Amino acid sequence: MTNERASLGFTRASPVDIEPDLQRVASWGRLSNEPHSVVPLLDRTRLQLPLRGPDDRGLAHGNGRSYGDACLNAGRTLWRTRGLDRFIAFDATNGILECEAGVLLKDIIEVVLPHGWFLPVTPGTQFVTLGGAIASDVHGKNHHAGGTFGDHVESLLLHRTDGTSITCGPVAQREWFQATVAGLGLTGVIVQARLKLKKVPGPWLHSEALPFHSLDEFFSLSAQSERSWEYSVAWIDCVGARGRGVFFRGNHGQHHEATPRTRSRAMPFTPPVSLVNRWSLRAFNAIYFRAHELAKGHKAVHYASFFYPLDHVLNWNRIYGRKGFYQYQCVVPRLVEQAATHELLAAIADSGMGSFLAVLKTFGERVGAGLLSFPMAGTTLALDFANQDERTARLFDRLNSIVLAAGGRIYPAKDACMTRELFERGYPRLAEFMPFRDPRISSGMSRRLLGS
Ligand SMILES: Cc1cc2nc3c(=O)[nH]c(=O)nc-3n(C[C@H](O)[C@H](O)[C@H](O)COP(=O)(O)OP(=O)(O)OC[C@H]3O[C@@H](n4cnc5c(N)ncnc54)[C@H](O)[C@@H]3O)c2cc1C
């Protein structure tokens, strides 16, 4: 066990004036809003990566959907990539798409789906850029069948701060590719990429919801579903009856119905304190579980509801109040997944913290495309926690020690406070990655976990 403390290292900037050329930027967890020098990147054909002087360091910033400090670089430069938003080529016969790195996954789907193609892997939000999806090597509900996002990237173009550019892929310049996929923006700026899409019959999925009452049941449903269901994931009740949840599985399928217009709603304000607490959670979870017990079974679901239910509530991250929130996502290896998941859930239940958004999923055997890819064969648990300072730090210390003892790892795209020891032990290929770092790039996370 480690003595190193999970330090909740974020500070909220005081509301004093900041230099006019600086902008406050927060990530999805809204734990900090520090000033950055924000430079939009607009034209990939004349791309410069400007810095403010010899001591400055820059970082690519996609759509800020990382929860912690992977996409932040307080006091330094952020190269905002959303302006790199052009589609370059689309081969609708073979499902090969080439576009700039600032294009959102949502826009990709809207272009390719009418031609019978879909993303081969998608995270739980479509408001993520192509570059951000590669730099975190994101996973979805189909890891057991489709691996990670990087497995489907045929090539990418990387710009470095020394003015050089590198085209790399799983074969050509392979070592650069392996460092940049899941490289958290630290090897350079991904400017464009070529992606192999997945053939689908349309926008619908056949899905099934199965309430379960114990973790053993979850593991057996997972094992049974892997062969015949492409997508699977479970919601788990982290405060109520231990081990109860709802298992969701789905496959792309045909369905003849008009596509519904999904109306998005927005969280209209940020409450001073979190609306998620022990009591609201207990009540909400009980209702949610009961509703799925009553409505269990098969149905046809639109892809937006199946993959992106959270996207229907814009700014839902405000619900945790002004102090923001953490997401804790870990994976524990197959051999110990059952015991370690029990232990993690028991620690969370004891703490009385946690949130409605608690997700459990088994990963397949595929080795990640990047040196620092997160998934490993085993079980991943992801939960949001309102920021309660010391209380949250104590819980994370406990969770970290369980993950460390199990030989697991934490997901950097969600992280804001893992210890260096956990990072180094969880990512044994870190030493291979280091020579590919761009010396004039840093992030809040790289300074915290790598010292620069
Ligand atoms: C509601 C929600 C659900 C999510 N579900 C999942 C999930 O199911 N699975 C999963 O894996 N993740 C999930 N995530 C996390 C999210 O997919 C990742 O954090 C993703 O990297 C965010 O992309 P972004 O474009 O917002 O990039 P940012 O958050 O802005 O940046 C993320 C990282 O990518 C780097 N980066 C961004 N663009 C470039 C570029 N052009 N070149 C080089 N580096 C770049 C940044 O430097 C940073 O290190 C979820 C996030 C949210 C908010």
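By convention here, the first residue in the shown sequence is residue 1. All values below come from the heavy atoms of this structure, side chains included, with hydrogens, waters and symmetry mates left out. Whatever order the structure lists ligands and atoms in, that order sets their numbers, starting from 1. Since this is a predicted model, take the numbers as computed values, not measurements.
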Could you tell me whether the side chains of N73 and S443 share a donor-acceptor contact shorter than 3.5 Å?
no
When you look for protein heavy atoms under 4.0 Å from ligand 1, which residues do they belong to?
W28, L59, A60, H61, G62, N63, G64, R65, S66, Y67, A70, C71, T81, A101, P123, G124, T125, V128, T129, G131, G132, A135, S136, V138, H139, L184, G185, G188, V189, I190, L310, W316, Y411, A413, K414
Let me see the working for R249 and E208 under salt bridge (charged side-chain N to carboxylate O under 4.0 Å, His left out), right down to the final yes or no.
CA-CA 5 Å; R249 51 193 189 183; E208 192 176 11; 2.9 Å; yes
Once salt bridge (Lys or Arg N to Asp or Glu O under 4.0 Å) is applied, what residue pairs with a partner in residues 356-372 remain, sequence neighbours excluded?
D151-R366, R334-E365
Give me each pair satisfying salt bridge (Lys or Arg N to Asp or Glu O under 4.0 Å) with a member in residues 70-88, each pair once, sequence neighbours excluded.
R86-E100
Not counting sequence neighbours, list each pair that qualifies as a ring pair (Phe, Tyr, Trp, His ring centres under 6.0 Å) and has a residue in residues 424-452.
W176-F436, F423-Y427
Would T161 and D438 count as having a side-chain donor-acceptor pair, cut-off 3.5 Å?
yes
